[in-house]
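Please read the structure below before turning to the comments.
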There are 2 protein chains.
Amino acid sequence: MSLPHAILTALLERPSSGLELTRRFDKSIGFFWPATHQQIYRELGRLEQAGLIRSCPQPPSRGRRKEYEVLPAGRAALLEWVGQAQDPKPVREPMVLRLRAAAAVGGRGLAEELRRHLELHERQLAEYLEIERRDFPAERLAAGDRRPALQHRVLRAGIGLEQYWVEWLTGTLEVLGEDSVD
Amino acid sequence: MSLPHAILTALLERPSSGLELTRRFDKSIGFFWPATHQQIYRELGRLEQAGLIRSCPQPPSRGRRKEYEVLPAGRAALLEWVGQAQDPKPVREPMVLRLRAAAAVGGRGLAEELRRHLELHERQLAEYLEIERRDFPAERLAAGDRRPALQHRVLRAGIGLEQYWVEWLTGTLEVLGEDSVD
DNA sequence: AGCTACATGTAAAGGGTTACATGATTTT
DNA sequence: AAAATCATGTAACCCTTTACATGTAGCT
């Protein structure tokens with residue numbers, strides 16, 4: 001049940017239409033919870049029916065822009081969700097599986113894939129670092145108000161994860177390169 | 001399409017019945033691709049129909065143990081999958097979302113949740129390190145044959161990820177603790 | 001009027017999760 | 001024989017993914 005709460009958070013940060021939300025997801029919240037426009041429209045409908053958000057009172061029609069904002073009940077629901085006990089989502093990482101499969105059956109093409117992934121993760125890392133430079137310059141970090149500090153921790157989670165994969169992939173390529181893989 | 005290949009890998013390492021596979025998943029492959037017995041039985045049926053595995057020729061009946069082994073076609077399919085181009089799975093991490101929601105709406109209960117997750121990740125890390133001590137003692141690492149080295153990289157992925165979450169959660173708790181969170 | 005971009009939505013397929021159902025085997 | 005346990009399997013639900021469909025607005 002993360003998507004509806006991700007949407008509530010995004011709408012609290014700024015009221016938006018469905019497509020606008022989709023685009024904002026693509027470059028911020030979506031880093032930790034990606035969603036397509038289909039998912040977002042469906043959830044917007046449910047959230048509105050549940051009375052947690054509302055669309056601006058306009059005659060609704062198919063192709064017309066609908067702007068949503070969070071109602072007090074939505075804010076309350078989000079606040080409750082924040083403190084709920086929820087176990088961490090289990091990891092699902094196919095690349096690691098493929099390495100294990102390669103250990104069992106051999107794998108000629110794997111090194112190339114590892115290099116490709118390394119490049120993808122390096123690119124994502126660079127994007128995160130660029131956002132950090134732009135949104136969290138040194139002086140703001142010293143200021144000590146809580147909100148930017150928390151948002152910075154969110155970004156830091158992404159940075160650290162990408163750094164980790166870069167490191168792991170590099171080390172794995174070294175091991176793989178030590179002798180030819182049949 | 002990772003689950004069928006995870007199962008093929010496990011069956012190559014050792015032919016097993018469905019329930020046995022489920023238990024083995026719980027303590028090795030499942031660390032990177034968890035699966036319940038329902039998923040596993042469903043996939044075993046599909047893999048058998050596809051001619052990638054076979055069950056020992058016994059009169060099949062509902063409650064009787066069925067042992068599966070990989071056929072040559074299955075090994076070939078796995079080998080092909082290993083080298084295929086597949087983008088990394090996008091991250092989905094609710095805890096990071098919750099932190100971002102807390103930045104927007106406040107969050108009294110979050111610190112407790114962060115501490116609970118910290119403990120869970122510390123426990124998982126300890127389990128991985130125990131496995132490493134048991135299965136990859138120093139002398140085997142020096143030997144230089146490839147297969148254990150690759151399997152060690154798999155375990156190392158888990159260790160590094162858990163270490164990372166421990167570090168991130170610790171740092172986040174510090175930021176959160178600097179002042180009270182409303 | 002036709003074209004393009006914008007915006008919302010529907011449909012179908014597949015995987016994961018949870019709860020439940022049933023047959024076989026072992027234990028008491 | 002009853003109970004507990006092992007083992008396989010069904011069913012329903014939800015979420016995600018992909019492809020497609022429809023309506024609106026602005027421009028030429």
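Residue numbering restarts at 1 for every chain, and letters A, B, ... go by the order of the sequence lines. Below, each value reflects all heavy atoms present in this structure, side chains not excepted, and no hydrogens, waters or symmetry copies.
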> How would you list, by chain and number, every residue that makes a ring pair (Phe, Tyr, Trp, His ring centres under 6.0 Å) with W81(A), sequence neighbours excluded?
Replying inline: H5(A)
>> E43(B): which residues meet the salt bridge (charged side-chain N to carboxylate O under 4.0 Å, His left out) condition with it, sequence neighbours left out?
In response: R46(B)
> What bend angle does the helix from dA1(C)-dT28(D) to dT28(C)-dA1(D) show across its length, from five-pair end axes and to the nearest 10 degrees?
Replying inline: 10°
>> Run the salt bridge (charged side-chain N to carboxylate O under 4.0 Å, His left out) test against R116(B) and tell me which residues pass, sequence neighbours left out.
In response: D87(A), E113(B)
> Which residues pass the ring pair (Phe, Tyr, Trp, His ring centres under 6.0 Å) test with Y128(A), sequence neighbours left out?
Replying inline: F31(A)
> When you check every protein heavy atom under 4.0 Å of nucleotides 14-21 of chain D, what one-letter string (B, S, -) results, 5' to 3'?
Replying inline: -SBBBB-B
> Counting just side-chain N and O atoms, does R64(A) come under 4.0 Å of either OP1 or OP2 of dT24(D)?
Replying inline: no
>> Expressed as a whole number of angstroms, how long is the span from K66(A):NZ to dG9(C):C1'?
In response: 10 Å
> For H117(B), what residues pass the ring pair (Phe, Tyr, Trp, His ring centres under 6.0 Å) criterion, not counting sequence neighbours?
Replying inline: none
> Can you find a side chain N or O atom of Y41(A) that sits less than 4.0 Å from OP1 or OP2 on dG9(C)?
Replying inline: no
>> With no hydrogens and no angle check, just 3.5 Å: does a side-chain donor-acceptor pair link R92(B) and S2(A)?
In response: no
> Could you state the CZ-C1' distance from R65(A) to dT8(C), rounded to the nearest angstrom?
Replying inline: 12 Å
>> I'd like to check the salt bridge (charged side-chain N to carboxylate O under 4.0 Å, His left out) partners of E119(A); sequence neighbours left out, ordered by chain and number.
In response: R123(A)
>> Restricting to ring pair (Phe, Tyr, Trp, His ring centres under 6.0 Å), what partner residues turn up for F32(A), sequence neighbours left out?
In response: none
> If you look only at pairs with a residue in residues 8-27 of chain B, which of them pass as a ring pair (Phe, Tyr, Trp, His ring centres under 6.0 Å), with sequence neighbours excluded?
Replying inline: none
>> Please give me every residue in residues 19-31 of chain B whose heavy atoms get under 4.0 Å of an atom in DNA chain D, ordered by residue number.
In response: L19(B), R23(B)
> Are R65(A) and E20(A) close enough for a salt bridge, meaning some N to O gap below 4.0 Å?
Replying inline: yes
> dA7(D) C1' sits how many Å from Y68(B) OH, rounded?
Replying inline: 11 Å
>> If the condition is salt bridge (charged side-chain N to carboxylate O under 4.0 Å, His left out), which residues does E167(A) pass it with, not counting sequence neighbours?
In response: none
